Amino acid sequence: MEYHFKTIEKKWQRYWQENDTYRVEINREKPKYYVLDMFPYPSGAGLHVGHPLGYIASDIHARYKTLKGFNVLHPMGYDAYGLPAEQYAIRTGQHPAVTTARNIERYREQMDKLGFSFDWNREVRTCDPSYYKWTQWMFIRLFNSYYSLDEERARPIEELERRLAILGTEGLEAACTTDLAFSAEEWNRKTWREQQEVLMNYRIAYLSETLVNWCPRLGTVLANDEVREGLSLREGYPVVQKKMRQWLLRVSAYAGRLLEGLDSLKWSESLKEVQRNWIGRSRGADIFFEVEGSSERIEIFTTRPDTIFGATFMVLAPESKYTALLTTPEEEANVRAYLDYAAKRTERERQSEVKRVTGVFTGSRALNPFTGEAIPVWVSEYVLSGYGTGAIMAVPAHDARDHAFARHFGLPIIQVIDDGEGHDVQEASHDAKRGVLVNSGFLNGMPVEEAIRAVIEDVERCGIGEGKVNYRLRDAIFSRQRYWGEPVPIYYREGMPCPLDESLLPLELPEIDAFLPTETGEPPLGRAKGWVTAEGYPLELDTMPGFAGSSAYYLRYMDPRNDREFVSREALDYWESVDLYVGGAEHSTGHLIYARFWNMFLYDVGLSKTPEPFRELINQGMIQGRSSFVYRLLTSRDGTTWEATSLYVSREIARETERLGKEWRQALLPRLEAGELEGVEAVSFQELHVDVNLVKNDLLDMEAFRAWGPEYAGARFVTEDGRYACGYGIEKMSKSLFNVVNPDTLVEEYGADTLRMYEMFLGPLEASKPWDTRGIDGVYKFLRKFWRLFHPVEEFSVSDEEPTREELETLHKTLKKVEQDMECFSFNTSVAAFMICANELTAARCNKRKVLEPLVVALSPFAPHVAEELWQGLGHGESVTRATFPRWDERYLAKEEIEYPVSFNGKVRFRLSVPLSASAAEIEERAKQAPAANKWLEGKTVRKVIVVPGKMVNIVVG
RNA sequence: GCCCGGGUGGCGGAAUUGGUAGACGCGCUGGACUCAAAAUCCAGUGUCCCUUAAAGACGUGCGGGUUCGAUUCCCGCCCCGGGUACCA
């Protein structure tokens, strides 16, 4: 009986569905284990072979953990809100809900074919009202909280209100947008509206007028992680900075905890490093500079307070509040012109012209608190308003940007650090991280580190500044001027935002007539009829961003059908948090920061059990496409104008032709009909992408190519012995490059079990690697070989004979390797171990039950369908998923003799078998007396012998 | 620029703690079976020298070092991939 994967896979997929095999419930008898995949955004293109890589890996691990006796939670769902569906709706008028549902159906079909052990009873969709009800509910919790810096955690906003009524802001340590100071009496005199304004300054979800990334083409604002190099990440549309009133989440309040939390996580060092950089902690000092003839003081942040004696001017960001305050009447016109210029520049222009130096003098002078010098205050766009205080002290001798500015405007440059390497700071700045201070008064002679401490101490004593830690991480903009997202559960009373009552949730997304902004420029929700509360208050028109629905979905999976609570106490206590999270590294600075922040907030308010949501994380590598090319012959009669022909030349002949240059006729003419290419002066080739599905093992299916498109119908081929070989290149897997390999076709041709194992066999899980279908035969052969072990004579037949010592060694060696690999996700070497095992058992013609039965269980995480079929054949009534992972036994692996490599002066010369019990001295003697040793010892003296028990022997002769 | 990864046969990739480099698979070559093909099985397959074999030499990006011994550790370069950037 042949291995007929189609019948087998269909049979068991139906069995699993009918028996609800993968349903999982709370079971206190067993330890829990939570394996989570990053849920997909269901795009219209469906899955390609790169997408399931992580799902296959997590599925293998989940199945393994089940066999090891864990109660495994392994859910799947859809991140269903998003811009592509809305953009598609704008173009076609189709409701995003309709296209999204259709895409989800297709995703589900594709996933089902791969035999995953997801508990689909727990599926969630972020666009489902029963799900986003809780997203909105959590938003209200964020709105009703502030961040206490004393306690380092979120607290209810009522607590703050009570406090303000008694003490005012006296001694208040809370994360806020701007520092406020008022007394309790002042607070109590404020109107409701004024009090709401004040509270908004402290809320964790808050409304604020800030500079945001505005994308005019998309008509919405974007978060920092959605913008790269001044363009929107997904579509590449330009983004400009614009001041708008927006919802934000006070992520920055959690910066310190987000940074520290990383240490406890079992994530890759590189991913942690990316997060550390994104959070961007830097130690330094805030220092005040007095302004000549003004009561204003400029507060700056610097990481290098030691260089303060070298600060010869100051620079403000164009958007800084000091800019207006310090501009003198004489300079006003200049400054205004500069601000106009800066405001018009897009983010992209700013970044692409980094080297261009621009700026304007405000007319004011500040006093360097250490030198007492009056130094000019300038405005320049190279200082960013969003970082530090939006103002800097410029030290041109030791900062490249300050140096360029000083040179351009002729400002003085004073060296204050000397590292003994003789830098000329007038010529180029020197970022001196080491060295001693010079020209710096009382700091002279101190090393950098010491000087930093001394300056901070000094400014603190004089009350003109303090040591400070700054973070690059900024608050997350939470508003989107879009339709296809969660409505924000807020209404406006007297223009002030108020949360909806929880009983009114979910606030369902209304139907609208077109998915575009209104004529007055309001977001799409402005089109909704009756978008007001029962009392007639207007509802918020912005919707939530993509990360809202994906920031706590892992908690909802624990109790997805609960309509009274987000997640029950019971479910939370049992499942706690995710033990293993698998997904792409593209979420390093977006989702994985937001989800950690969100979870930390939930932890603060008692809705999550652990401060970190994902204990261990694996980033599966990207699978790149392997594009195929054909070479179309171009001809030229005059050497300048080229003409395309219908001739396609096989790879090696094309290469040969190009190599020959002027002698090209030698390569081509013998292969063409007589008279062809007559009068042609020169030839060249056009490399064309060809659909990889027309190519097998780099050979082109020429008939299929002719049928591929009308322009190829008349194609003629110059072949190598009748075969047309294509060229190839590694590129991103994309429709436009015709290199997308669809898992469905491979499942059709080889079966899901083969595809699963092959994807694991490609290479290390975390490495990016190109997809190459050519190797899949090897895995397919393995499965057929394994299958044949059970079918030595057509029929299923296993023997009850006792296995030999060798067979047991093979078995236990394999079990040990597979188990160890499972724990560290080294699936590619596990597949190799199975192949070796099958080869050895085939050679031994072993079909013994005692060997094969444990192997079926061990193989089942990789190839669940075939494992089920064989398990049933072995006479088991229950699914193999109920089996226990077989134990391996060291006794079958222990050898009586050990083979030592014996080397002379480090080069291995022969091998020597020695009883396991031999002592180091005995091994040495045997090595020296071995007949093979004579040749190497002859006429030489032994200087030294090194014996590493269990490893090797090295004899040093001379 | 800065911060992370990584560089091993024709290809994808193995190699535990510093101890037989190249597991396993693909590809290729030869053979068996077959009328033939497919499928399957067996053997070979880093480079050089060589008719072949034995034996030898060389070999993990480059140059040096530590060591009895280095793909592995240290120093200095080169190249590739990813992240990030007027962040003071």
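Lettering of chains follows the sequences in order, A, B, ..., and the numbering in each one begins at 1. When reading the values below, keep in mind they use all heavy atoms of this one structure, side chains included, and skip hydrogens, waters and symmetry mates. Computed from a prediction, not measured in an experiment: that's the story for all the values here.
- Spacing of C1' atoms, B/A38 relative to B/A55, comes out at 44 Å, to the nearest Å.
- Of the candidate nucleotides B/C24, B/C41, B/A88, B/A88 has the atom lying nearest to any side-chain atom of A/Leu384.
- Side-chain contact of A/Ser768 with A/Gln624: a donor-acceptor pair under 3.5 Å is absent, judged by distance alone.
- OP1 or OP2 of B/C26 has at least one side-chain nitrogen or oxygen of A/Lys781 nearer than 4.0 Å.
- Distances were taken from every side-chain heavy atom of A/Thr589 (C-beta onward) to each of B/A23, B/U20, B/U84; the shortest belongs to B/U84.
- Distances shown here put every side-chain N or O of A/Asn828 at or beyond 4.0 Å from the OP1 or OP2 atom of B/A23.
- Between B/G63 and B/C58, the two P atoms lie 14 Å apart (nearest whole Å).
- Closest contact between the side chain of A/Tyr387 and the listed nucleotides B/A88, B/G56, B/G83 involves B/A88.
- A distance of about 23 Å separates the C1' atoms of B/G82 and B/U71, rounded to the whole Å.
- Side-chain atoms of A/Ala832 lie closest to B/C24 of the nucleotides B/G19, B/U20, B/C24.
- Spacing of P atoms, B/G44 relative to B/A54, comes out at 12 Å, to the nearest Å.
- Contact annotation: A/Arg784 reaches the phosphate of B/U40 (side-chain N/O to OP1 or OP2, under 4.0 Å).
- Residues passing the ring-ring contact (aromatic ring centres under 6.0 Å, His included) test with A/Phe301, sequence neighbours excluded: none.
- The SG atom of A/Cys726 sits 7.5 Å away from the CG atom of A/Leu699 when rounded to the nearest 0.5 Å.
- Within 3.5 Å, no donor on the side chain of A/Arg276 pairs with an acceptor on the base of B/C4, nor the reverse.
- Side-chain atoms of A/Glu273 lie closest to B/C3 of the nucleotides B/C3, B/A88, B/U40.
- Taking the side chain of A/Lys769 as heavy atoms from C-beta on, and the options B/A57, B/G13, B/C41, the nearest nucleotide is B/G13.
- Using a 4.5 Å heavy-atom threshold, the side chains of A/Val956 and A/Val945 count as separate.
- Separation of atoms CD1 (A/Ile279) and CG (A/Leu259) is listed at 5.0 Å; rounding is to 0.5 Å.
- Enclosure of atom CZ in A/Arg943 is not indicated, since only 12 or fewer non-hydrogen atoms of other residues, nucleotides or ligands lie within 6.0 angstrom.
- Judged by a 6.0 Å distance limit and a 45° cone about the ring axis, A/Arg909 is positioned over the six-membered ring of A/Trp936.
- Looking at heavy atoms from C-beta onward, A/Arg911 lies out of side-chain contact with A/Val902 at the 4.5 angstrom threshold.
- A/Thr389 and A/Glu299 form no side-chain donor-acceptor contact under 3.5 Å, judged by distance and modelled atom types alone.
- At least one side-chain nitrogen or oxygen of A/Lys785 sits closer than 4.0 Å to the OP1 or OP2 atom of B/C41.
- Comparing A/Glu269 and A/Tyr471 by the nucleotide of RNA chain B whose heavy atom lies nearest to each, the residue mapping closer to the 5' end is A/Glu269.
- Nucleotides B/A21 and B/U60 have their C1' atoms positioned 7 Å apart, rounded to a whole Å.
- For the P atoms, the distance linking B/C62 with B/C68 amounts to 25 Å, nearest Å.
- The shortest distance between the side-chain N/O atoms of A/Arg472 and the OP1/OP2 oxygens of B/A88 is not below 4.0 Å.
- Atom NZ of A/Lys321 is surrounded by 12 or fewer heavy atoms from other residues, nucleotides or ligands within 6.0 Å.
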So which protein nitrogen or oxygen atoms get under 3.5 Å of nucleotides 66-70 of chain B's nitrogens or oxygens?
residue	atom	partner	partner atom	Å
B/C68	OP1	A/Lys944	NZ	3.2
B/C68	O2'	A/Asn954	ND2	3.3
B/C68	O2	A/Asn954	ND2	2.2

Checklist outcome for this item: Under the rule of Watson-Crick or G-U wobble with both distances under 3.5 Å, where | means paired to another strand and [ ] a crossing pair, RNA chain B maps to (((((((..(((......[....)))((((((.......))))))(((.......)))..(((((..]....))))))))))))....
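- Here, B/A88 and B/C80 have their P atoms 28 Å apart, quoted to the whole Å.
- Each of A/Ser282 and A/Ser826 lies near RNA chain B, and the nucleotide nearest A/Ser826 is the one positioned closer to the 5' end.
- The shortest distance between the side-chain N/O atoms of A/Tyr382 and the OP1/OP2 oxygens of B/A88 is not below 4.0 Å.
- Distance from the side chain of A/Thr302 is smallest to B/A88 among B/U20, B/G83, B/A88.
- To the nearest 0.5 Å, atoms OG1 (A/Thr358) and CZ (A/Phe409) are separated by 7.0 Å.
- Here B/G63 is in the anti range [glycosidic angle more than 90° from 0].
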